[in-house]
Amino acid sequence: MALHVMDEANRCLGCKKPQCRGGCPISTPIPDVIRLLKDNKLDKAGKMLFENNPLTTVCSLVCNHENQCEGHCVLGSKGAPVHFSTIENYISSTYANKMTAGPAPANGIRVAIIGSGPAGLTIAVILARYGYDVTIFEEKDQIGGVLRYGIPEFRLPKSVLDDFKYRHLDLKGIKFRPNTHIGGAIGIDDLFRDGYKAIFVGTGVWKPNALHIKGETLGHVHFGINYLNNPDSYSLGERVIVIGAGNAAMDVARTAVRKGARHLTCFSLTKKVAASHHEFSYAALEGVQFEYNKAPVEITDEGVIFKDIIENEDGTFADVPDSETLYPADSVIVSISQGPQNRIVQTTTGLTANERGLLVADETGHTGRPGIFASGDVVNGARTVVEAVAHSKIVAESMHEYLQSLID
């Protein structure tokens, strides 16, 4: 693998104005990292990656590279781009094994992180670097949020998250409190009472969006985010229909195929899938079939009734008369994105949600109540991992500035 990585690194032109970095939502210093690797300074390259992006080992595996760094590489216009994802994964995973530094000198200021998804983990790591006493509260039993419970093992091995916990939480003195729901027995006000000077909310979006059509409550119908949470608890049968065609739907489809589905079809409202070409290609390669310009009308015990639709030039849709057709299925999975649960908003004064149910916060993470900050999907809706990390870096610095103002 190392030889392949060096082959890719040697293809880099070292552009003075690197388009690859411009295409990266977190502005990874790609040419600098590659230059250090070529100079046999792997540890320095790894440190540079982690200082810029605490979740670099994760992003190297799950980022939409074809539309970001690699999609902007100048070599890609006439041939294959430099595959920085491979380079980043090699450097970050190799350097991670050497990260044994203990916690930073403590400053005695207590901070609470609610949710251990990409946003929460980013905030926790950055604030721990400043010496804050950080505690992560997680509703589930392990860290990761959508990384662990929404991305399949074949795309993001759980061992990557386990190693992250050891290197970045355990060794840095970050406390982790699993199986703890904030907004139930413990509320935001209880955290302030117990001396937390700032609280970050990064609870993600775990409420599935529904179709609101007849038959959606039948026993063989499931939601994509729930299925990905624990696929082994489902018995789908051989013929499965997935309603939706985004990246999450591809994860659902590819997981179901691995769990025994013999005939799996994804239905898309538009004439092309919303998923990235990379994810779509893998799904097609693994036997997933696709139907386009289909809108679900009703779910029955035998399958799903779809109608044909026409997509107009202005983006609107029109039904095709008398086109309703039953597509047989043993199970149906609805995968059309998610929204927030809103339990913290409902139990906390000073917090508000917008018309989509998302927690209202400004660009630097400030909510309507002093001392409470938020970012990630609970604020912006379902986005990519690297977008959550990039925004959370800004919010972490905003929290640091706020906490320092309490001292001054």
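Bear in mind the structure is a predicted one, so any value in this text is a computation, not a measurement. Counting from 1, the numbers follow the sequence of the chain as shown.
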Y90 ring center within less than 6.0 Å of H4 ring center: no
Audit row: E139, R343, salt bridge (charged side-chain N to carboxylate O under 4.0 Å, His left out) steps and yes/no: CA-CA 12 Å; E139 189 173 35; R343 286 175 290 194; 3.2 Å; yes
Whether over 12 other heavy atoms sit under 6.0 Å from D322 CG: no
Side-chain (S268) to main-chain (T270) donor-acceptor, under 3.5 angstrom: yes
Within 6.0 Å of CZ in F317, more than 12 heavy atoms from elsewhere: yes
Straight-line distance of S93 OG to E88 CD, nearest 0.5 Å: 10.0 Å
Basic-acidic side-chain contact under 4.0 Å: K165, D170: yes
Pair K294, Y327: side-chain N/O donor-acceptor within cut-off below 3.5 Å: yes
Heavy atoms of other groups near K197 NZ, more than 12 under 6.0 Å: no
Within 6.0 Å of NZ in K214, more than 12 heavy atoms from elsewhere: no
Crowding at NZ, K172 (>12 non-hydrogen neighbours, <6.0 Å): yes
K207, NZ: over 12 other non-hydrogen atoms inside 6.0 angstrom: no
salt_bridge(D330, R262) N-O dist < 4.0 Å: no
Gap between atom CD1 of I87 and atom CG of D7 - 0.5 Å precision: 10.0 Å
Rounded distance (nearest 0.5 Å) linking atom CD1 of I123 with atom NE2 of H400: 13.0 Å
Aromatic plane relationship, F290 with Y292 - under 30° parallel, 30 to 60° tilted, over 60° perpendicular: parallel
Aromatic plane relationship, H168 with F164 - under 30° parallel, 30 to 60° tilted, over 60° perpendicular: parallel
Salt-bridge contact D162-R148 (side-chain N to carboxylate O under 4.0 Å): yes
CD (E286) with more than 12 external heavy atoms under 6.0 Å: yes
Stepwise side chain to side chain contact (heavy atoms under 4.5 Å, CB included) test for I126 and E397: CA-CA 8 Å; I126 293 175; E397 296 303 325; 3.9 Å; yes
cation_pi(R110, Y196) dist<6.0 Å, angle<=45: yes
From T347, I344, V345, residue fulfilling side-chain contact (heavy atoms from CB on, under 4.5 Å) relative to I188: I344
Evaluation steps, side chain to side chain contact (heavy atoms under 4.5 Å, CB included), between N52 and T56: CA-CA 8 Å; N52 178 69; T56 180; over 6 Å; no
Plane angle bin for H366 and F373 - parallel if under 30°, tilted between 30 and 60°, otherwise perpendicular: tilted
Parallel, tilted or perpendicular: ring planes of F267 versus F306, cut at 30 and 60 degrees: parallel
Neighbour count above 12 (heavy atom, 6.0 Å) for R356 CZ: no
Pair E279 + R254, salt bridge at N-O below 4.0 Å: yes
